[in-house]
Amino acid sequence: MIKQNTQDSTLNDERVQFKSKAVVVVSTVRTPNFIHHKVNTNLNLKPQNFLSNEAESFGVRCVSGNFHGLSSFEMANMFLEDIGKLDVVSSAENIKNLCKLPYSKKSVSIMVHKIGNTLLFDEFDVEEHLTQDTSEKWAWLKKFFYNNIVKSSGTKVECITFKKNNSRKINHKNLVSKFLHHTIGLDSHNDLIKNICNETSQLASEEIFPGFPQIHRLFNRNVLWDFEDLRMLIGTNLTIFRNDNNSSLSTKLRDMSKSLSVLTGIDYWLENLMNDIPEIEFCYHINGIVQKYERVKTEDIPCLNGSTFSPNLINNNMQKLILFLRSSTIVGHTYWLFKGKNDTVQLYNLTILSSESLIDNPNPFIFPMASLFNRVAYKFKYNPENEKLYNSITIIHLLNSNLELLDKHKYPQVVTYVNCFLSDLYIAFGNNPSSSIKEELTNYNENPAIFHFDTAIASYDFVSEDSTSKHNLTAIKCFYEALYYIGDSLSRLLYFKNDKNIMVELGQISLSETRPIKYLVSEKIANNKNHTKGIRKKNQKPNKGKKILKKDDIESKSIPTNWNNPPNVKSNNLCNSGLKQMLYEKASRTYFNLADKWFACNNYGQALKNFRRSLECQLQIVHTEENLFKLILECCGNCSLSIVNSWDKIKQYISEFETDEMYDFKLRETLLHNSKNCTNKDLKAIPKKTIKSKECMLNTAKHCFLRALILETETEKKITLNKRLGIVYYQYTTFYMNEIINAIETNTPLTLIKLKWLQNQSELYFKLGSNIFKKQDDKINFNMIHQNLASFYQYIVLCLKKFQMPIKELIKEDNINSKVINIYTKLLLELGDRESDSELWDEFNYELFSILHCISNQNYSILSKNSSKSQQKCIKLYEEALKYCDLKNNTTRRTEYEFKSACIHFKLGSLFAINLDKYIHMKSPKVDSVLLQIESYYNTSFETFFKLNFPLDCLEVLLEMIKLDIRFIDGMYNWYIA
């Protein structure tokens, strides 16, 4: 903007004092010096510079006050950054007509539009368009005018003030024009022509709305006028001069024979206020002959003889009128402010009145309004001058108002652009919901113009109720809205008139920034040629996802919504290669980030459903991005695994997965239509309609992780994926072992084939998982999978004892015990010395000792004295258990080890004592050595019990020792006798 010196004008009347300040922001003319003509100068003579280009450069036109049509729209397009801050955008003539309402009996006709808090006024010539025009352009309004205002179908209209272009009036206009030409000082030091300084050249109307013409400079000056509390952008053609003291001056030609009327005085006063002119110079004439000059200050104009008026009344009337219009109008609607002769002011909503008549005769204000809405929204979204972000809610309201204006079938390209703009906004909010944006959206979350599906979203139960989930809720709503607009864009492609003549120019576009998507589409509108203009943008590298390092950490992974490998823009078939490809890419990334937010809230059913749709959108893209594709597969695997780990909430996950929301209905319809012939194995591996079973989820997780591993090239990520796959294999083992346990507990009959299959499957996946963890040197997971399998085996043994089942014939307890012993023996070997991990070593050693001790006791309890094999087996088991009885280290289980060691020694002594009689009877030389071994066992047992203060156990050992001595003495006596 071009700033000039400002001057406050304080105007007084009997009751009130108010202020007016005007700043010229754009000027396309020079300011000439003012020339006083001598008395008796004949102004009727044609000046030398009459109608010349030089005179035009000073702002002197042949006829002033021309009807400029949509002048307010064009001024608004020039000053987009001020829309919403201003109260009014209008030409000076409209403002003067409104200010004169209390004094004037003439008719007034103005079209009114609202953008935010800004009102746009445009003159509407009823005489020209409704009473003289015979075309069908305004037929719908003409019908309303005659039926409701004129209330007659005749040609005579008495409610408007007709223009009287008689010879006298024409001659007066010519005389005024000659006077101004005569008044120009040709030898003055003039200002340079000041050009408009804005960005309209960067984003011309026809780039987005080809039916809307190029912006033209309609006025000599554009002025920001503060009139009390009102702030207005005014377009004015008043010719301004410079007087001797270098201050501004206006001049008017007055007939000596006529007095100054009130309406004319108000015109002069308002013109000076709007242009910040302190004085006005009157040139009095008789029949074009100069008589005298009179200079009057602007604040004295309301007090001139014959034209006395109240500035207070004008100010109050204008304030009330603007307040009334602002409160009575809706953004995007067209209103007609009409005052008939000697009548009151009426305001008609033409959008409502003409809704049934716009099929053949569309409202001509719709397309310019839509164009302006789009420009203002673009400007508010990102201001390249100062990098300042504007209120996001205002942008959304503007764009939604734009959609309400346009016929989606007639302007599919324009609607698609606006939809993409809105989706970009919501995606940016969802990816980076700052506190300010979150507060804005929260304040408006019940407004249907902001969130279409707030009720449906709020109905979901979040597993986690912490602050993070509440923060994610705003992002989820934003992604919902983005998908709604993306789906609507895809549905609009069916209405594109000629795909071959529509082109899309793309750059790499990142929605992690705040700029809207920079692709534009166009069609043949208003007889304009088809063309496309795009706005390029700098490339941005995508952010890397988070790395997952821990065994149980399955972190969420948001991705930047930026475009890589853009489609071939030179393709003739846009719907298959250009815009459609971009929209599917955008939908895929939005679905991904939506699923990521649901995953962070532990709503895994929602997450898996949206990850699958992200993959489905990726498959619609010709050049699928491999990094994103494998990331989606990995996340699908994460979701499936998380559902398995939280199987107690499976009813909630199934409900989430099976519920189809309305937010992406159009997008899902498009996917369904385009996916009929889709045979992708990856997509088929992921459930489509429901979650059938835990095994189904494990199959999905296994497939996704294996496919992601094939596509992955980074070593660290491969390690992570392998660990995840190992956990899936562990879950398989758990699942099949539980099938066996459930069959035992519920007395469910199992065939031998079924049982062996379950055992083989569990052992197969156990080996696969164990090998992965061993290869990755993941000792924690390696130990975990072995321990859990051993626990399952031990639980099966417990169940076999508790439930008397036929299944006992199929499952041998000894086999299961041997497997448990092998597992813990393997774990100890893998761990090595106790020094490597004393805590883990103690745990594994104790478990192995306990199972060996338990098996030994079982064999001891069913021992047959006549079976030497069973005795030897029992002895070996006890001796094996003693190897793992940790009496060397001072652990927390030291006392338990010592007690069980004493018990084992006692039972070993008893087992060897059984064979003592046999050795004595056979007179074997082993008698002495066996006796010594028995005594050693008993002595060790006694000493240990005595140390632990177990007197009864000590007594039992002593009794056995006495029995042993008696048996030995009797046996030796018989030996010697024999």
Side-chain angles (χ1 to χ4, degrees), residues 548-553 645 719-720 722-724 726-727 729-731 733-734 737 766-795 797-798 816-858 876-908 937 940-941 943-950 953:
I548 306 171
L549 299 176
K550 297 182 179 180
K551 65 183 179 89
D552 294 326
D553 293 340
N645 290 333
I719 292 174
T720 301
N722 270 306
K723 289 182 179 179
R724 297 279 173 78
I727 294 174
Y729 290 151
Y730 158 69
Q731 289 291 351
T733 302
T734 304
M737 294 300 295
F766 167 75
K767 291 178 181 178
L768 291 173
S770 177
N771 291 338
I772 287 177
F773 295 135
K774 185 175 182 179
K775 185 178 181 181
Q776 300 295 331
D777 196 24
D778 186 354
K779 294 181 179 180
I780 295 177
N781 278 322
F782 179 83
N783 295 332
M784 178 192 69
I785 193 172
H786 281 79
Q787 279 183 281
N788 287 335
L789 182 62
S791 298
F792 273 114
Y793 282 144
Q794 288 173 297
Y795 186 75
V797 172
L798 180 64
I816 297 176
N817 287 331
S818 298
K819 291 179 180 181
V820 176
I821 293 171
N822 292 335
I823 288 173
Y824 282 112
T825 303
K826 183 178 181 180
L827 287 174
L828 283 174
L829 290 174
E830 290 291 335
L831 197 60
D833 297 335
R834 185 175 183 272
E835 296 178 356
S836 59
D837 192 333
S838 59
E839 184 176 352
L840 205 58
W841 189 92
D842 289 341
E843 183 179 354
F844 293 160
N845 186 79
Y846 176 77
E847 292 292 339
L848 182 56
F849 168 75
S850 297
I851 187 65
L852 288 170
H853 181 255
C854 180
I855 294 172
S856 302
N857 287 338
Q858 290 176 5
K876 288 182 179 180
L877 286 172
Y878 275 128
E879 289 176 346
E880 187 71 16
L882 280 176
K883 292 181 182 179
Y884 298 98
C885 186
D886 186 12
L887 300 176
K888 297 180 181 179
N889 302 302
N890 189 21
T891 64
T892 56
R893 297 189 177 98
R894 171 82 184 204
T895 302
E896 182 181 355
Y897 274 128
E898 289 179 343
F899 178 79
K900 289 183 177 180
S901 172
C903 293
I904 291 173
H905 280 89
F906 175 75
K907 290 176 180 178
L908 282 172
Y937 284 134
T940 303
S941 177
E943 292 173 359
T944 305
F945 283 135
F946 185 80
K947 175 184 175 183
L948 297 175
N949 194 20
F950 286 97
D953 295 281

Candidates Leu829, Leu827, Ile823 - the one meeting side chain to side chain contact (heavy atoms under 4.5 Å, CB included) with Phe844: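 When side chain to side chain contact (heavy atoms under 4.5 Å, CB included) is applied between Phe844 and each of Leu829, Leu827, Ile823, only Leu827 qualifies.
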Matching residue for Ile904 among Thr944, Leu877, Leu852, Leu882 - test: side chain to side chain contact (heavy atoms under 4.5 Å, CB included): Leu882
Mind checking the [atom1]-[atom2] spacing from [X] to [Y]? Nearest 0.5 Å is all I need.
X      : Y      : atom1 : atom2 : value
Glu847 : Ile821 : CD    : CD1   : 12.5 Å
Ile855 : Gln858 : CD1   : CD    : 6.5 Å
Cys854 : Phe849 : SG    : CZ    : 11.0 Å
Ser941 : Phe950 : OG    : CZ    : 11.5 Å
Cys903 : Leu908 : SG    : CG    : 11.0 Å

Is the closest side-chain heavy-atom distance between [X] and [Y] below 4.5 Å?
X      : Y      : value
Asp833 : Trp841 : no
Ile727 : Phe773 : yes
Glu843 : Leu848 : no
Phe782 : Lys826 : yes
Tyr729 : Lys767 : no

Criterion side chain to side chain donor-acceptor pair (under 3.5 Å) on Asn857 and Lys907, from CA distance to verdict: CA-CA 9 Å; Asn857 287 338; Lys907 290 176 180 178; 3.1 Å; yes
Charged N to carboxylate O below 4.0 Å: is that the case for [X] and [Y]?
X      : Y      : answer
Arg893 : Asp842 : no
Glu880 : Lys883 : yes
Glu896 : Lys900 : yes
Arg894 : Glu898 : yes

Parallel, tilted or perpendicular: ring planes of Phe899 versus Phe945, cut at 30 and 60 degrees: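 Phe899 vs Phe945 ring planes: perpendicular.
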Ring geometry between Tyr846 and Tyr897 (parallel below 30°, tilted from 30 to 60°, perpendicular above 60°):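 Ring orientation, 0 to 90° scale: perpendicular.
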CA sep, side-chain torsions, deciding dist, call: Glu830, His786, side-chain contact (heavy atoms from CB on, under 4.5 Å): CA-CA 11 Å; Glu830 290 291 335; His786 281 79; over 6 Å; no
Under 3.5 Å side-chain donor-acceptor pair for Asp886 and Asn889: yes
Side-chain donor-acceptor pair present, Tyr824, Asn845, cut-off under 3.5 Å: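 No, Asn845 and Tyr824 have no side-chain donor paired with an acceptor closer than 3.5 Å.
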Full working for side-chain contact (heavy atoms from CB on, under 4.5 Å) between Leu948 and Asp953: CA-CA 10 Å; Leu948 297 175; Asp953 295 281; over 6 Å; no
Under 3.5 Å: donor-acceptor pair, side chain of His905, backbone of Ser901: yes
